[in-house]
Peer 1: 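I have a structure I would like to understand better, so I am pasting it below and will then ask my questions one at a time.
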There are 2 protein chains.
Amino acid sequence: MKQTGDLNLVKKINKTIVLHHIRTDSPISRAKIAEITGLTKATVSSLVNELIESSLAQEIGAGESSGGRKPMMLLFNGTAGYAIGVDLGVHDMLAVLTDLTGKVIREKRIQHYNESVEQVTNLLKETIRALIETAPQSVYGVIGIGLGVPGIVDEEGNLLFAPNLGWENVSLQSELEAEFGLPVVIDNEANAGAVGEKQFGAGKDTANLIYVSIGMGIGAGIIIKNELYRGATGFSGEIGHISIQHDGPKCRCGSLGCWELYASEHALLEQAGRELGHEVDLESLLTKAESGDAGVIQLFERLGYYLGVGVVNIINGYNPEFIILGGRLAGGEKWLMKPLLELLKKRSLPHPRKQLKVEFSELGDRSTVLGAASFAVTKFFASTTVSVDRS
Amino acid sequence: MKQTGDLNLVKKINKTIVLHHIRTDSPISRAKIAEITGLTKATVSSLVNELIESSLAQEIGAGESSGGRKPMMLLFNGTAGYAIGVDLGVHDMLAVLTDLTGKVIREKRIQHYNESVEQVTNLLKETIRALIETAPQSVYGVIGIGLGVPGIVDEEGNLLFAPNLGWENVSLQSELEAEFGLPVVIDNEANAGAVGEKQFGAGKDTANLIYVSIGMGIGAGIIIKNELYRGATGFSGEIGHISIQHDGPKCRCGSLGCWELYASEHALLEQAGRELGHEVDLESLLTKAESGDAGVIQLFERLGYYLGVGVVNIINGYNPEFIILGGRLAGGEKWLMKPLLELLKKRSLPHPRKQLKVEFSELGDRSTVLGAASFAVTKFFASTTVSVDRS
DNA sequence: GAAAGTTTGTAAATTCATTAAACAAACTTA
DNA sequence: TAAGTTTGTTTAATGAATTTACAAACTTTC
């Protein structure tokens, strides 16, 4: 109920709609946009010309005629600007430079040993600066920076709590904005991953999906009606701390029997270590399973079971159409999927389950970084063409 | 991305905003509305006059001057029309006639023995008809019917599945619309309850709340940013079937260890029956606890513990500001609340917990019926002044 | 190959809700 | 009583969309 309506709003709405179609349905003609949207040809023409003026759209020549004058086809100009996306991990960071369509232009992977907040943020700044410097010449230049982090972020972009990094109350957004003079968006890595999958991955055609990020812990990004749902106060999706055993072992969050104690990468490694009598890493477990080690395969299958237990809870609680499982554990898909699907079949309610798909990510470890870059692009368009949020 | 912008949209937006302020901040003057909204006095004046024309607002005389001409105070005209709300329970129904502000004009409580779908719907129709006939004369008459039902409802108002009623695939909405020629809205009783609490109960000032309805089963209505969240396909909130013990007893939903097996009214009665050696009802248990029966009190405390387990899951998964516990179990608040709060304190994550409140409903068994009536009112306004939904 | 019909995109005139500016009425304060 | 304030209306201007008309560029048909 904040935003009132005026002519400016109308124009922004329509311009956003027109741009949206040029971005997603291209190549497309003015006439076709008019037909799809219900706007008149005159209106579309005027808005398209403004978009061309501002370099966001371009004409690429005549298309096929269907019995009359040939249409002039329009394309979104993805190279009018560039965005930075970063996936800040516990021991590494993945950073990309993308164009406005999300196409990766350059990519950097850096290891770090998580020495101190200052050292890591310095490394982060260096990485970002290096990418900015490689950006091609363009109308708008680098338009912003998006960041996915393994922790809880508030609406002002402060990283409130990142247990696995050991960080607390870091004003990352304002620090980066001051450093680069660019708009910065920061969000939880699972949220960024969900957006990445929605925009570029298996979730492209789904309005409601949940991305479950399985790493040291378990997090989830929830997309409802094509929009990221952030919960009440901006930090939601701590789904790893839903208890699946009310009197189970104690979790560092204070609760007992949390899902991530059973179904995370960390849980797998710990269990494997106990059974094998020595420390192991995920890669060696995958190799062993591949070579037919029955004990290790059983470990994966057990993990698949526990993954399923939590996924059933998600289904019953959130009722999504599509669940995408991401994180490095995706490598064990072969052994995880069967027990997981069996459990779902047995345990989830019939009605919500009907149209549900469960898959492992096809973007691999890039969902988060792509989602992060897409945050920056979205913010850029919001500031120029803007669809105003109403409630 | 469906709705395009035009002058009509602008007017609808602004008219809705103006009406909103007249509904919530009344008595209020035109000048004050202009000041709050940022609209010009001319615009507000014009819109207010149209609202008066259509009987939704009225002038009630001059207010206090603050150093100039006295303002003409405006009031929402709650008696321009009336709405019907019904809470269809398993063995009873509660139906009300309210005015457009939600004030209850008349109320009917009917027992039924759930004989057959036809018999119960006939009783439902009779009850509604009786209430419609008692509606006072008004400009718009009875503007619609809202219904809360103990089951899963799709977007077309079909009751897909109501285990405790034993109903399946009943086209209630179309049947009632045909019968009365009025708009009908049907939703899950927990969703209706959540809206009721949000509009008229303890949740009035909270944008994000969850209403947990504890009855034979457990359901939840989720309100995010002042709007009901219905999940992907329209039926969410089956939160009673989130498992709190992955290898627990089998639930009729197919899963194991569902929350409602531990924390529902049904669970309490069953447990009590086992321990006491004979069947009991909730009233007698409350009486016994009141008179100091240690065994029964312990039963309630144990239930409080299990309620807490599920509430922690809700907190970690949805991150609401306010959790309202409703249903007949509210009578045991005295013994339930302490173990519940203790558990929350121990087990929920520090960040989400910060600004959280947990309370029992103050509307008692009326949250659902009031929410249902409010559905009808909302639909009425959506069809006349309409704030257009965009995505 | 000419005539007829289609499709695309632009141009001109019209519509209409908002804004801005001016103002009259009603009231308080000095 | 005069000066200043506040309220709410009136009038003119703004600007984005629509409607209608039309020219240009095609395809189809005879």
Side-chain angles (χ1 to χ4, degrees), chain A residues 3-19 21-22 25-53 57-74 385-388, chain B residues 3-19 21-22 25-53 57-74 385-388:
Chain A
Q3 270 294 347
T4 59
D6 58 5
L7 289 184
N8 202 22
L9 174 73
V10 170
K11 187 163 189 179
K12 274 178 176 171
I13 291 172
N14 291 338
K15 202 166 180 175
T16 302
I17 291 174
V18 168
L19 181 59
H21 285 290
I22 294 178
D25 304 333
S26 72
I28 191 171
S29 68
R30 293 168 172 83
K32 188 79 189 169
I33 296 176
E35 188 193 325
I36 293 175
T37 59
L39 294 168
T40 61
K41 289 187 290 176
T43 303
V44 172
S45 226
S46 145
L47 293 172
V48 163
N49 291 339
E50 284 184 32
L51 287 170
I52 291 176
E53 194 103 346
Q58 57 192 152
E59 299 183 330
I60 51 156
E64 285 297 290
S65 160
S66 60
R69 174 174 160 183
K70 281 185 179 171
M72 176 56 73
M73 303 313 275
L74 301 166
T385 62
V386 168
S387 117
V388 176
Chain B
Q3 269 295 347
T4 59
D6 59 4
L7 289 183
N8 200 24
L9 174 73
V10 169
K11 188 164 186 179
K12 274 179 177 173
I13 291 172
N14 291 339
K15 202 166 180 176
T16 302
I17 291 174
V18 168
L19 181 58
H21 285 289
I22 294 179
D25 304 333
S26 70
I28 191 171
S29 69
R30 292 168 173 84
K32 189 77 189 172
I33 295 175
E35 188 193 324
I36 293 175
T37 59
L39 295 167
T40 60
K41 288 186 291 176
T43 303
V44 172
S45 228
S46 143
L47 294 173
V48 162
N49 291 338
E50 285 185 29
L51 287 170
I52 291 176
E53 194 104 347
Q58 58 191 156
E59 299 183 331
I60 52 156
E64 284 298 287
S65 159
S66 60
R69 172 173 160 183
K70 281 184 179 170
M72 176 57 73
M73 304 313 275
L74 301 165
T385 63
V386 168
S387 116
V388 176

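Residue numbering restarts at 1 for every chain, and letters A, B, ... go by the order of the sequence lines. Quick caveat, the model's predicted, so the values are computed rather than measured.
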Peer 1: If you check every side-chain atom of B/M72, which of D/dG8, D/dA17, D/dA16 has the closest atom?
Peer 2: D/dG8
Peer 1: Tell me the interatomic distance from A/E50, atom CD, to D/dG15, atom P, rounded to whole angstroms.
Peer 2: 12 Å
Peer 1: What do the steps show when you test B/E53 against B/N49 for side-chain contact (heavy atoms from CB on, under 4.5 Å), and what is the final call?
Peer 2: CA-CA 6 Å; B/E53 194 104 347; B/N49 291 338; 5.8 Å; no
Peer 1: Check the distance between C/dT6's C1' and A/K41's NZ and give it to me in whole angstrom.
Peer 2: 10 Å
Peer 1: Between B/M73 and B/P27, which heavy-atom pair has the shortest distance, and what is it?
Peer 2: CE-O, 3.6 Å
Peer 1: Within the sub-3.5 Å range, which N or O atoms of nucleotides 28-30 of chain C have a protein N or O partner, and how far apart are they?
Peer 2:
none

Peer 1: Considering only side-chain heavy atoms of A/P71, which listed nucleotide, C/dA20, C/dG9, D/dG8, is closest?
Peer 2: C/dG9
Peer 1: Check every atom of C/dT19, C/dG9, D/dA17 against the side chain of A/A31 and return the nucleotide holding the closest atom.
Peer 2: C/dG9
Peer 1: Round to the nearest Å and state the distance from A/E35 atom CD to C/dT6 atom P.
Peer 2: 16 Å
Peer 1: Pick the nucleotide of DNA chain D nearest each of A/L7 and B/R30; which residue has the one closer to the 5' end?
Peer 2: B/R30
Peer 1: Specify the separation, in whole Å, of atom CZ of A/R69 and atom C1' of D/dC22.
Peer 2: 11 Å
Peer 1: D/dG15 P sits how many Å from B/D6 CG, rounded?
Peer 2: 19 Å
Peer 1: Can you tell me which nucleotide in C/dT7, D/dG8, D/dT10 comes closest to the side chain of B/A42?
Peer 2: D/dT10
Peer 1: Return the nearest nucleotide to the side chain of A/K11; candidates are D/dA16, C/dG9, C/dT18.
Peer 2: D/dA16
Peer 1: Measure CD1/A/I28 against P/C/dG9 and give the value in whole Å, please.
Peer 2: 11 Å
Peer 1: What pairs meet the salt bridge (Lys or Arg N to Asp or Glu O under 4.0 Å) rule with one or both residues in residues 40-49 of chain A, with sequence neighbours excluded?
Peer 2: none
Peer 1: I need the CG-C1' distance between A/N8 and C/dT18, as an integer number of Å.
Peer 2: 11 Å
Peer 1: Of the listed nucleotides (D/dA17, C/dT18, D/dG15), which one gets closest to any side-chain atom of B/L47?
Peer 2: C/dT18
Peer 1: List in chain and number order the residues that pass side chain to side chain donor-acceptor pair (under 3.5 Å) with B/T40, two or more places apart in sequence or in another chain; answer none if no residue qualifies.
Peer 2: B/T43
Peer 1: Can you measure A/I13 atom CD1 to D/dA16 atom C1' for me and round it to whole angstrom units?
Peer 2: 12 Å
Peer 1: Hey, which of these two, A/S46 or B/N14, hits DNA chain C nearer its 5' end, going by closest nucleotide?
Peer 2: A/S46
Peer 1: Does any N or O in the side chain of B/T16 come within less than 3.5 Å of the main-chain N or O of B/K12, such that one atom is a donor and the other an acceptor?
Peer 2: yes
